[in-house]
Structure formats: structure tokens, C-alpha cells
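This report refers to the structure that appears directly beneath it.
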Number of protein chains: 2
Amino acid sequence: MENLTIGKLARQVDLGVETLRYYERRGLIEPQSRTDSGYRLYSEDARERLQFIRRAQVLGFSLDEVAELLSLSDRPEQSAAEVKRLTRAKIADIETRILDLERMKSALSALEEQCPGHAGTTAECPILSALNQQAPEPVNGDIA
Amino acid sequence: MENLTIGKLARQVDLGVETLRYYERRGLIEPQSRTDSGYRLYSEDARERLQFIRRAQVLGFSLDEVAELLSLSDRPEQSAAEVKRLTRAKIADIETRILDLERMKSALSALEEQCPGHAGTTAECPILSALNQQAPEPVNGDIA
DNA sequence: ATAAACCCTGTAGTCGACTACAGGGTCAAG
DNA sequence: CTTGACCCTGTAGTCGACTACAGGGTTTAT
């Protein structure tokens with residue numbers, strides 16, 4: 001159950017061998033050792049680490065952020081404040097993206113409802129008209 | 001007010017000259033004509049078209065999709081059904097992305113609330129613990 | 001007439017997270 | 001002792017939407 005070569009590890013965590021080497025370049029994982037011929041050898045811990053990476057990615061963290069989380073995790077004595085800060089920042093980031101998408105969605109939904117579909121031509125389509133019209137941006141008296 | 005060179009047009013719509021040439025390569029716009037020396041000359045319509053592009057992008061359409069919308073818009077006799085279909089698909093797409101983000105956000109929020117921050121160490125941080133633990137994925141009896 | 005500002009084509013770089021070679025060396029099975 | 005599966009490094013390609021040159025030619029203002 002030890003001395004995992006990169007291929008075995010990759011199969012176990014369902015990632016490509018190339019991906020593992022890529023993560024290494026990115027500073028996310030390192031093999032425990034190498035054989036004389038240069039083959040990477042991983043310990044069981046590597047599997048945990050890779051699952052950590054995957055879970056963090058699923059939660060929306062970029063690989064750079066995952067690297068940061070991992071390095072914090074590697075120093076168990078340190079304050080959790082930084083982890084909390086990263087998490088808060090990611091939440092804020094996600095909230096912004098949700099709001100943007102909500103805005104797009106409601107704009108599109110409003111247009112979609114008015115579109116005649118098969119019952120009309122593109123010339124009458126309010127979606128295309130909206131895209132052709134000036135967006136009403138009448139705020140600020142535009143002095144200067 | 002006519003015979004816009006690429007630079008003038010770019011300034012008017014606040015895009016880079018390179019971007020306009022890029023849009024041309026992507027099949028989104030074409031100059032009305034060229035000078036003998038090969039300079040692109042645009043009509044006023046180009047401005048509308050570029051604003052169309054921008055508005056469609058803001059609504060979440062990719063340049064490929066914008067190209068499709070433009071070509072539909074260029075055939076005013078055709079049924080609006082295709083425009084409606086594209087719009088619906090985009091709405092569905094956005095909804096999926098919102099749901100993904102909502103899921104991330106609630107997972108992160110739950111963890112963030114439990115994190116002690118300055119009051120604790122990374123070893124006690126539930127965010128890192130969660131990333132280190134197996135995700136509870138106990139659905140399906142895993143036969144086969 | 002000359003310099004600045006503009007235009008052209010064509011190619012390459014950016015970001016993020018991979019993925020795919022090319023051109024080798026190594027190891028286990030038959 | 002050879003075949004095939006594995007491993008190595010290093011480089012380049014992918015996607016989308018630009019952005020930035022390099023190495024020219026043209027137009028405009030002085």
C-alpha cells in the first residue's frame with residue numbers, strides 16, 4: 001500500500017498523470033521521494049492532498065488559492081484567521097458573480113417572454129430590438 | 001459623418017483597433033469598403049452593430065452566439081423562433097451557473113460561520129477539516 | 001520634406017487549468 | 001532479451017476574448 005508511482009496515484013484519484021505533474025509545477029504537491037532512475041514516489045498522504053485540492057476547487061477556489069489553503073493547512077499552529085479571510089473573499093466573489101448572472105437572467109427572461117417565436121419574424125423580435133437600441137443610461141448630466 | 005477609419009470607429013465605440021480587427025476575423029463585422037491603400041472604411045451602421053455586440057455580450061452571449069444573433073438579425077424575414085431558442089438556452093445556462101454558485105456559496109458560508117478565525121488555529125479550522133474529510137456521498141449502494 | 005500619427009498583415013502572448021506530444025529512459029513479463 | 005507498459009523532461013496546444021508586437025506602408029500637419 002505504499003510507494004505509489006505517479007500512474008497508480010493518478011488512477012486512484014482519477015486524474016491524469018500530466019495533471020499531477022502540472023500540480024507539482026504549480027507547487028501543490030510533491031512526491032515523497034524519487035527512485036534512482038528518477039521515478040516519482042508518493043505516500044498515501046498524497047491522495048488526501050489531491051482530494052483536498054479537488055474539494056477546494058469544487059467550492060470555487062482557484063489553484064493559487066488552493067495552494068494557499070494547503071500551505072496554511074501545513075502549518076497547524078497558525079491562526080485560522082487567514083483561512084477565514086480567504087473563505088469570506090471567495091464568498092463575496094461568488095455573490096458578485098451570482099448577482100451579475102441574476103441581472104442577465106432577468107433581462108433575458110423579460111425579453112424572452114415578449115418574443116413571438118414562430119409567430120413572428122426577427123424584425124419584430126423584441127430581443128433583437130433591445131440589442132439594437134441604446135441602453136437607457138440617462139444618469140449623470142454628462143457635464144465635461 | 002461618414003467614411004470612418006478603424007481608429008475613429010474604435011474611439012467612438014470605445015474599443016481597441018485590434019479588437020475590431022479581431023471581430024472581423026471572427027465574422028462579426030466587416031468594413032463597408034477599403035481605400036485603394038487597403039484602409040478599412042466603415043459606415044455608421046458599424047457602430048450599431050458593435051453596440052449590438054456589446055449588449056449581447058453583457059447579457060451573457062459568447063461571440064459565437066452573438067455572431068449567430070447578428071446573422072439572424074440580418075435576415076429580418078425569418079422566424080424569430082431561433083432567437084427565442086438561443087435566448088432560452090442562454091437562460092438555462094445562466095440558471096445552471098447560478099445554482100452551482102449558490103451551492104458553493106452555501107457550503108462556504110456554513111463553514112465560514114464555524115471558523116474561529118483569530119480565536120483558533122488552522123488545525124481546529126472546520127474549513128480545512130472539511131476539505132480534508134471525505135465528502136459524504138452516501139447515495140447509491142455502489143454495486144458493481 | 002519630414003515627422004507624427006495612422007493604417008496594414010501576420011504572428012504570438014495573456015489568463016487558468018489542463019492536455020498532448022516528442023524524444024527519450026526504465027521496468028516487469030514472457 | 002525483447003516487447004510493451006510505464007516513467008522522465010520539456011515544450012506546445014486548447015478554449016475565449018482579447019492584446020501586443022514586428023515590420024512594414026500611408027496620410028496629415030507643419
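None of the values given here were measured: they were computed from a predicted structure. Just so we're on the same page: letters track the sequence lines, and every chain starts at 1.
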Hey, are B/Arg49 and B/Asp45 close enough for a salt bridge, meaning a charged N less than 4.0 Å from a carboxylate O?
no
What integer distance in Å separates B/Tyr23:OH from D/dC18:P?
4 Å
For B/Thr35, report the nucleic acid contact type (base, sugar-phosphate, nothing); a contact means any heavy atom under 4.0 Å.
nothing
For A/Gln57 and C/dA17, what is the distance between atoms CD and P respectively, to the nearest whole Å?
7 Å
Taking atom P of D/dG16 as reference, at what distance in whole Å does atom CD of B/Glu68 sit?
14 Å
Please determine, for the side chain of A/Arg40, which listed nucleotide (D/dT26, C/dC6, D/dC8) has the closest atom?
D/dC8
With the side chain of A/Arg25 defined as its heavy atoms from C-beta on, choose the nearest nucleotide among C/dA17, D/dT26, C/dT19.
C/dT19
With a 4.0 Å cutoff (strictly under), does any side-chain N or O of A/Arg21 reach OP1 or OP2 of C/dA17?
no
OP1 or OP2 of D/dC18 under 4.0 Å from side-chain N/O of B/Thr19
no
Considering only heavy side-chain atoms of B/Ser37, the closest of D/dT26, C/dT19, D/dC18 is D/dT26
From NZ of A/Lys8 over to C1' of C/dA28, roughly how many Å is that when rounded to an integer?
11 Å
Donor-acceptor pair, side chain of A/Thr122 and main chain of B/Arg75, under 3.5 angstrom
yes
Distance from A/Thr35 atom OG1 to A/Leu41 atom CG, nearest 0.5 Å?
6.0 Å
So does B/Arg40 pair up with B/Glu24, basic N to acidic O under 4.0 Å?
yes
Here the distance between atom P of C/dT19 and atom CD1 of A/Ile6, to the nearest Å, is 14 Å
Within the structure shown, what part of the strands sits under 4.0 Å from B/Gly38 by heavy-atom distance: base, sugar-phosphate, or nothing?
sugar-phosphate
B/Arg26 has a side chain; which of D/dA17, C/dC27, D/dG10 sits nearest to it?
D/dA17
Has the side chain of B/Lys105 got a donor or acceptor atom that lies under 3.5 Å from a matching backbone atom of A/Ile91?
no
Could you state the atom-to-atom distance from CG of A/Asn3 to C1' of D/dC7 in whole Å?
15 Å
Counting just side-chain N and O atoms, does A/Tyr22 come under 4.0 Å of either OP1 or OP2 of C/dG16?
no
Which nucleotide, D/dA17, D/dT26, C/dC27, lies nearest any side-chain atom of A/Tyr39?
C/dC27
Rounded to the nearest angstrom, tell me the gap between atom CD1 in A/Ile53 and atom P in C/dG16.
17 Å
Select from A/Gly16 and B/Glu18 the residue whose nearest nucleotide in DNA chain C is closer to the 5' end of that strand.
B/Glu18
